[in-house]
Amino acid sequence: MAREYKLHSTTPTTPRIDYKAELNEQQHAAVTAPPGQTLVIAGAGSGKTRTLTYRVAWLLDNGVLPEQILLLTFTNKAAREMLERVTMLVPVDIQRLWSGTFHSIGNKFLRWNSERLGYRKGFSIMDREDQKDLLETVVTNSGIDTEGIRFPKAEVLGDIFSMADNTCESIEEIVATRYPYFDKLIDDITKLRKLYQKKKVETNCMDFDDLLTQSVRLLKENEDLRERYQRQFEFVLVDEYQDTNRLQCEFIEMITGKDGNLMVVGDDAQSIYSWRGADVTNILNFHEQWPRARVFKIEVNYRSVPEVLELANASIANNRAQIRKNLQPAREGKGTLPALVPLDSGSAQASFVCQRILEQQDEGVELNEVAVLYRAHFHSMELQMELTSRGIPFKITSGLRFFEQAHVKDVACFIKFAINRRDEVSFMRMVKLIPGIGGASANKVWNEWLKTEAANAEVMTGKFSDLLIPMTVPKKARETWDQFAYTLDELIVDGKPATPPEMIRSIYDGVYEDYMRAKFKNAEQRQQDLEQLSNYSSRFTDPLEFLSNLSLLSGVDTENKPDQQEERDAVTLTTAHQAKGLEWHTVFAIWMADGMFPHARAVEESDLGLEEERRLFYVTVTRAKDELYLTYPVLNHQARDGDILMKPSRFITELSADLMEKWNVRSGW
DNA sequence: GTTCGTTGCCTTTTT
DNA sequence: GGCAACGAAC
């Protein structure tokens, strides 16, 4: 006979949450859905994050261990925010929970198991620029004649390969559908892809897409790993499912298993990443892949006033491919309609936005509650200048992320090379910083380096300087070259890498300070960036982990900003894409002119392109809680063609005029 | 042959 | 403002 024995928990018992009281009926149904496969269709502003958060809390509340939960989100920031909210509901050590983007989770798997794929330990991660550099050398060494004909540049090749990876289609299919003008070059492109893949293994580097393709390969080819991970991750949750692609879908399948517990949450009306290979059919045909899946809908919008929501609903109704939803407002109307504001010029538009922001501030709206959204980064230029000259603080999600800035990448390439001594891209970047060394000389020293033992050894035993200084370099470069070699010595102490902050200090003091002063006008500003980088790095003892985080997290500044900066009251400037999941009291959507939004190129592509632009417009307007301004300049001044007459966006003209109020703005004198 | 400054052209969205 | 192509200087 068996005896029942209970082990008392040393932590206080989890407080039971009153889920019924804190959630609406639809949310409650999704949160407490039984195990199995679940699709949650959640409209804009319907408490999608809230639902997922409570789902995680509910699982923990029902005895699921944090380690058994895998939470996949679109950005690392979203994962962090969700986990922070979970801890407010239930006492749990969120470190134990697995959460993050597909790439960061894939990276974790690969760090443990890269040898099984023919890689060495401690591979480097290449960003798009590194990828481009490596592809350039692959093309040059391939012997393929790229002269005369219109041969795709390295960047375009990277896009083609990436698209093939993410959609799990062949090069032939990708070229046929997206790059028909390269039709005759398919053989060359396919050959280059093979060469590139080989080169990545040789240099022990992975690009962003490898983090996923190789993870999927790893799980497909190794039954033991597949079983182990499937057993561990009892509950898999996926956010923003409408923006997943074929490859991510396979990843989910591998990690969940045919009968696993999977909950995906998304809104097909907000699918805006097809250009990156996202496939709306993932969400539209979810039940075909998972026949026993339950479907829940959440159709109450808590965010926006009815006036804003009506405009959004009317707009998205023009799209054909979608799941019909009936999004209902929970809030009371205010009686003011969204504003349609034509302005004379781009600068008038900037002035208008600034003036309205100041007026709003007087009315008690904090700057944190105001955002300006646009289709493309360069749309914000004029506004940035105007805001600066008026002294209105703003924070901008810029085109370049922290890690992508030249000076940060420069410093990182020293660390990368010191750790992965086959990292050709980093080596090249590093030595080309030396005055007098360009591509040709760099190639020569690289080939010499490859012949040394240190390039192939697991651990670095000798000194870099002993190997590098005897090499022949141009006379002009000699002195700096030696200095570089000694700097590298400081990065590896007794075969062990120094700590990240020590490395950064050595690189900066040893060589980079001089370089930066000579090269950049704003050296002061960049020095502060590196200071911040060093601060950030101090939390890591393993440089590899530091580097992974640097390339996979969206940036140091968002991750580790001193409170003062983070809390500072400021207007947000962002692209519509990056505004995903966020909300503000007042939203200005600027450059709402045809050709700008929708973007001219997206319209040329196909009907599908236009529908995606409309979904992006839908995302834009549904960010507004109370006030929405749609502005566009009537005249667009261009350096080459002079003034061009602009028409309002077709997304505005196709709407009934009584959904908004037109403002006639006149300039003062 | 190699490096480096100058000129002219173009500008979507990102993990 | 960023990048490729071109041409001058080493």
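Since we're looking at a predicted model, the values are computed, not measured. Residue numbering restarts at 1 for every chain, and letters A, B, ... go by the order of the sequence lines.
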Review point. Of all the nucleotides listed (B:dT3, B:dT13, B:dT15), which has the minimum atom distance to the side chain of A:A440?
Key: B:dT3
Study note, to complete from the structure: Taking B:dT13, B:dT15, B:dT3 as options, the one with an atom nearest any side-chain atom of A:H103 is B:dT15
Exercise for review: Ignoring backbone atoms, establish whether A:T575 has a side-chain N or O less than 4.0 Å from OP1 or OP2 of B:dT14.
Suggested key: yes
**Study point:** Integer-rounded Å distance: B:dT12 C1' and A:R128 CZ
**Key:** 14 Å
Exercise for review: Measure the distance from CG on A:L610 to P on B:dT13 and round it to the nearest whole Å.
Suggested key: 19 Å
Practice item. Could you label the plane-to-plane angle of the A:Y119 and A:F123 rings as parallel, tilted or perpendicular, counting under 30° as parallel and over 60° as perpendicular? Key: perpendicular
Review point. Atom CE of A:M596 and atom P of B:dT13: how far apart are they, to the nearest Å?
Key: 12 Å
Review point. Which is true for A:F74 with a 4.0 Å heavy-atom rule: it touches a base, it touches only sugar-phosphate, or it touches nothing?
Key: sugar-phosphate
Exercise for review: Take nucleotides 3-8 of chain C nucleotide by nucleotide from the 5' end and write B, S or -, depending on whether a protein heavy atom sits under 4.0 Å from the base, only from the sugar-phosphate, or from neither.
Suggested key: -SS---
Review point. Relative to the 5' end of DNA chain B, which residue comes earlier, A:R375 or A:A442, by the nucleotide with the nearest heavy atom?
Key: A:A442
Check your understanding: How would you label the contact of A:P435 with the nucleic acid (heavy atoms, under 4.0 Å): base, sugar-phosphate, or nothing?
Key -> sugar-phosphate
Exercise for review: Side chain of A:K444 only, please: which of B:dT2, B:dT13, B:dT15 is the nearest?
Suggested key: B:dT2
Check your understanding: Would you say B:dT3 has OP1 or OP2 under 4.0 Å from some side-chain N or O of A:S441?
Key -> yes
**Study point:** Between A:Y374 and A:F378, ring centroids under 6.0 Å
**Key:** no
Review point. Is any side-chain N or O of A:Q578 closer than 4.0 Å to OP1 or OP2 of B:dT13?
Key: no
**Study point:** Spacing of A:N245 atom CG relative to B:dT13 atom P, expressed in whole Å
**Key:** 20 Å
Review point. Quick one: do A:K48 and A:E240 make a salt bridge, cutoff under 4.0 Å?
Key: yes
Review point. Are A:R615 and A:D268 within salt-bridge range, i.e. N to O under 4.0 Å?
Key: no
Exercise for review: Figure out the CZ/P separation between A:F597 and B:dT11, and round it to whole Å.
Suggested key: 19 Å
Point to revise | Length of the CH2-P vector between A:W591 and B:dT11, whole Å | key: 16 Å
Exercise for review: Could you tell me whether A:L212 contacts a base, only the sugar-phosphate backbone, or nothing, with contacts defined as non-hydrogen atoms closer than 4.0 Å?
Suggested key: nothing
Review point. To the nearest angstrom, how far is A:K476 atom NZ from B:dT3 atom P?
Key: 9 Å
Review point. Between A:D133 and A:R429, is the closest basic N to carboxylate O distance under 4.0 Å?
Key: no
Exercise for review: Please evaluate the base of B:dT12 for a donor-acceptor partner in the side chain of A:H599 within a cut-off of under 3.5 Å?
Suggested key: no
Check your understanding: A:W275 has a side chain; which of B:dT14, B:dT2, B:dT12 sits nearest to it?
Key -> B:dT14
**Study point:** Distance test, side-chain N/O of A:H377 to OP1/OP2 of B:dT14, below 4.0 Å
**Key:** yes
Point to revise | Aromatic ring pairing A:F651/A:F617, orientation class (parallel under 30°, perpendicular over 60°, tilted between) | key: tilted
Point to revise | Nearest-nucleotide comparison on DNA chain B, the residue closer to the 5′ end among A:E613 and A:I434 | key: A:I434
Show the atom names and distances, to 0.1 Å, of all donor-acceptor pairs under 3.5 Å that link a side chain in residues 438-446 of chain A to residues at least two apart or in another chain.
{"unit_1": "A:W446", "atom_1": "NE1", "unit_2": "A:E424", "atom_2": "OE1", "d": "3.4"}

Practice item. For A:I125 and B:dT14, give me the distance from atom CD1 to atom P, rounded to whole Å. Key: 20 Å
Review point. For the residue pair A:F251 and A:F102, does the interplanar ring angle fall in the parallel (under 30°), tilted (30 to 60°) or perpendicular (over 60°) class?
Key: perpendicular
